Amino acid sequence: MSLTKRMFKFNVLALCFSVAQATVLQGARDVSACPGYNLDNVVQAAGSDTITGDLIIAGESCNAYGDDIKRLSLSVTYEDENRIHLKIWDPSETRYEVPESVLPRPTSKDVPADSAKITLNYTDNPFSFQVVRRSTNEILFDTTRHPLIFEPQYWRVKTDLPAHANIYGLGEHTDPFRLPTHNHTRTLWSRDAFGIPPGTNLYGNHPIYFEHRKGGTHGVFLLNSNGMDIKLEESCGRTTLEYNVIGGIIDLYFLAGSETSPAEVARQYSEVVGKPAEIPYWSLGFHQCRYGYRDFVKLAHVIGNYSAVGIPLETMWTDIDYMHERKIFTADSEYFPVSRLREIVDYLHAHDQRYILMVDPAVGYQTKEGYPTYDRGVRDDIFLKNPNGSYHLGVVWPGVTVYPDWFHPNITEYWNNEFKLFFNPETGIDIDGAWIDMNEPASFCSYPCLDPYAKARQRNFPPPRLTPPPKPDTPIFTPDNTFTAQYGNNLERRSILDPPYEPFNAAGPLSERTAHVNVVHQNGLVEYDTHNLYGTMMSSATRQAMLARRPDERPFIITRSTFAGAGHHVGKWLGDNLSTWAQYRFSIAGMLNMASIFQVPMVGSDVCGFGGDTTVQLCARWATLGAFNPFFRNHNDEPYADQEFYLWPLTTEAAKHGIDIRYRLLDYIYTAFHNGSLDGSPVLSPLWFRYPSDENTWGIDLQFLYGDSILVSPVTEEGSTSVDIYLPDDIFYDFETLAPVRGRGEKVTLTDISFVDIPVHIVGGSVIPSRESSAMTTTAVRAQDFNFIVAPDLAGNAEGSLYVDDGISLIQDATSEIFMSYTPGKLAVTGSFDYTSGVKLASVTVLGLLQAPANVVVNRDGSLLGVLSVNFNVESGSAVITVNQDLDRELTVTFDV
Ligand SMILES: *[C@@H]1O[C@H](CO)[C@@H](O)[C@H](O)[C@H]1NC(C)=O
Ligand SMILES: *[C@@H]1O[C@H](CO)[C@@H](O)[C@H](O)[C@H]1NC(C)=O
Ligand SMILES: *[C@@H]1O[C@H](CO)[C@@H](O)[C@H](O)[C@H]1NC(C)=O
Ligand SMILES: *[C@@H]1O[C@H](CO)[C@@H](O)[C@H](O)[C@H]1NC(C)=O
Ligand SMILES: *[C@@H]1O[C@H](CO)[C@@H](O)[C@H](O)[C@H]1NC(C)=O
Ligand SMILES: *[C@@H]1O[C@H](CO)[C@@H](O)[C@H](O)[C@H]1NC(C)=O
Ligand SMILES: CC(=O)N[C@H]1CO[C@H](CO)[C@@H](O)[C@@H]1O
């Protein structure tokens, strides 16, 4: 069977229709008279339920933002049981589409429609469609009331949704995790968004949303990189969601998700945009950074101070300070001489610590003394150009700059070579990871930027150093791909610089403070279409370059700008936030967006805040919240006061406490990352992923699940030592006291939470693989023995898993995949144990017991081993059973309950 054809002609709510249209935004044109299209010549492919057809304009053109295209093509494919792909395009010319080289398309299994969980029902005259969940016959997407509009530089698809729909995603943004549905516009256009203001477009673009209802969770992905406004509105007892896009084609993927398990839709989305890259184990350690480390001596002091105070520092970072006149792939010979940086890197490596440097895309333009990175770029011809063929100039940190063209056939070789030369382990700075920034791409020069030189002078770029350089011999550490053009273009006919519909870019015109939209790539594509891809293309190029340096290791790269699929290559920090409580709070929604929806799980905010002076209390709280950021980095902006954790006793204690918990749980979260890299399972989740039918959870974004079994509920208000948290109807266990806490589907007020504490609960039903103790480095953590924490559910059962490998190799020789399952009185540890790390299962902690376990027996290879000790804590009902066996084969622990 094929798509179901609906026979009725028009909607009954014509009145409501006009009311809805009356609330057009100021400046928007009236599209209510647009005629829509009729579907004709529907053809079903032989032996397939894929259909194609022609869409013919159904009346007088409305020409809202250009001439309506009279004839379009439609195709609908059931790509698999969970995914429908709908495409609408203009067959008369080649329009831009996101190149496959940037986002490879998923393969279609072309399944029979009646095997699919969702179906696309359509009406042909005028054309509209509904996506329906078959199991419930619930309509998930419905364009019936809203004619399709398709013009050269504007297209619109609009759907009705239930009133107050639960919509998540459509970022990057700093709005509530569950989006407002009234008068809310999400603009997708990459922007250097200092201060990450709510309600505006930020650095990255992920045109995916999940919608959650009582009957299930589904997703809708628009594969389009053009500028767009996605508008949410309430009218006539419905929510409407409307795509207003200035180019490309309509390329929608409908994901069925699941009736009961929201994380399923995340996994389905990962089938479309790619699975997140595996991360090195060490990248989960604590990172320290700031803009404004003035010289190599200061850098060494920070490293030294962390170790002196005893706060584990895994990775030291350096911002643009190290560069000579802010030029990439250079080091300042007085402030950061390569020889001294090499000494620091050697010191770090000798202590199982790491080093990361920033790399921006912009290359300083034609410097007097000759700048090899620039000169080689000219030789290879890899810089972005204006339509007349001259280099496109912007103003970034070094002053006037040019920008690499990531579509250029020479770019991989160029970028790999720059990395190879400057980050050479023998002669250069042997970095362990890369930090890429300003890749929207950003410019400080306002459009039209007629005189970039004047702008650079006015901004005093590059800025003078504020302190004299240290003596060169100051002692430190004394005590201790190629891309091919695939698309023609008819760009001359478009008004690229002045599009008739302009998305609401908070920076101003689309070309404001970035490469201008008419800038041309070597393959003929223009920034108008590809702007939103720039950061992700720099990300994959940088991944290639890091792989070229260390071919056997998983690269670690953190970027600012992302597009759908970026997580396949890199991680992401949430950009230039401020040291405020509001930003501390909405960092949680920011992480949830990236990790649970956008498939970018290696994510975190700048702990203690980037812009502005932090406060001791905010920094202490953020240190403990940061311990549950997948990517945990303290980072600060240049003009503001230092904020290293060791500066105040309170932050020192908070950081030590947070890192202690984090490091004991490193393998738990590493296992979640591994799982996510295989199937897209989220590394962080909102509460409703776990409790989908509990409506109270749907709007919660100040509590979250770290992995799928640890509930984190930070204190959220300044000066407060209490927090109201929501506990669903379930059993939880306090991570510190180990005592059970019965959730009743109500708010609970937790009090007396000191500034160094953070409320953390284990969700009943889980076995958490933890290490017996933390350590100063992740390398040392890996040598600690395990402690499995058994947290039974209300029925007394629990399960968990543990993945172990060498933590760094791209291809693993041996891995262990261990499963723990518990029924009352019996923990079975099974699976494969091929990665032998020499560590033991030191102990098992069983929670929620009424009495001390008796007759405890460990069974290994059929031999029964006596147990050294059982420590029962009456108050919490927890028992620590000493096991002390190599974790290299199956075993069970049984006892009387
Ligand atoms: C959509 O099509 C299916 C399959 O033919 C049919 O069972 C269902 O009633 C239709 N749903 C709606 C809402 O029209
Ligand atoms: C809608 O939002 C915009 C932008 O935030 C605001 O300026 C406007 O006043 C709002 N309109 C209504 C009717 O709330
Ligand atoms: C800590 O930093 C200070 C300067 O801020 C420096 O004088 C001192 O030597 C550092 N301590 C260590 C152990 O590096
Ligand atoms: C690539 O770089 C080489 C020089 O290294 C240059 O001769 C060639 O023209 C460049 N290729 C393109 C397509 O620009
Ligand atoms: C080429 O275009 C740029 C940007 O519009 C302009 O600044 C430059 O002067 C032009 N060059 C020539 C040779 O016309
Ligand atoms: C990942 O974890 C989820 C949830 O625990 C589980 O259902 C799934 O099977 C796991 N996937 C893999 C590939 O291990
Ligand atoms: C650089 C910076 O941090 N700027 C802003 C920080 O936040 C304060 C107050 O929120 C603003 O006034 C600054 O402009």
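Bear in mind the structure is a predicted one, so any value in this text is a computation, not a measurement. Order of listing sets the numbers, starting from 1, for every ligand and every atom in it.
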Peer 1: Apply side chain to side chain contact (heavy atoms under 4.5 Å, CB included) to A814 and list each qualifying residue two or more places apart in sequence or on a separate chain.
Peer 2: D834
Peer 1: Pull out every atom of ligand 6 sitting under 4.0 Å from any heavy atom of D708, numbered as shown with elements.
Peer 2: 4 (C), 5 (O)
Peer 1: So is there a nitrogen or oxygen of D679 less than 3.5 Å from a nitrogen or oxygen in ligand 6?
Peer 2: yes
Peer 1: Could you point out which residue of H218, E264, Q268 forms a side-chain contact (heavy atoms from CB on, under 4.5 Å) with L255?
Peer 2: Q268
Peer 1: Just jot down the side chain to side chain contact (heavy atoms under 4.5 Å, CB included) partners of P509, sequence neighbours excluded, or say none.
Peer 2: Y447, E502, E512
Peer 1: Run the ring-centre check on F673 versus Y803 and record whether the distance is less than 6.0 Å.
Peer 2: no
Peer 1: Can an N or O of N183 be found at a distance shorter than 3.5 Å from an N or O of ligand 2?
Peer 2: yes
Peer 1: Using a strict cut-off of 4.0 Å, indicate which atoms of ligand 6 neighbour a heavy atom of S681.
Peer 2: 1 (C), 2 (O), 3 (C)
Peer 1: Give one line per pair: atom of ligand 5, protein atom, distance. Only N/O to N/O under 3.5 Å.
Peer 2:
residue: ligand 5; atom: 2 (O); partner: N388; partner atom: OD1; Å: 3.3
residue: ligand 5; atom: 2 (O); partner: N388; partner atom: ND2; Å: 2.4
residue: ligand 5; atom: 11 (N); partner: N388; partner atom: ND2; Å: 2.8
residue: ligand 5; atom: 14 (O); partner: N388; partner atom: ND2; Å: 3.2

Peer 1: Is the shortest side-chain N to carboxylate O distance from R554 to D806 below 4.0 Å?
Peer 2: no
Peer 1: Does the separation of the ring centres of H521 and H408 fall below 6.0 angstrom?
Peer 2: no
Peer 1: Does the gap between the ring centers of F383 and Y374 come in under 6.0 Å?
Peer 2: yes
Peer 1: The criterion is salt bridge (charged side-chain N to carboxylate O under 4.0 Å, His left out); which residues satisfy it with D381, sequence neighbours excluded?
Peer 2: K385
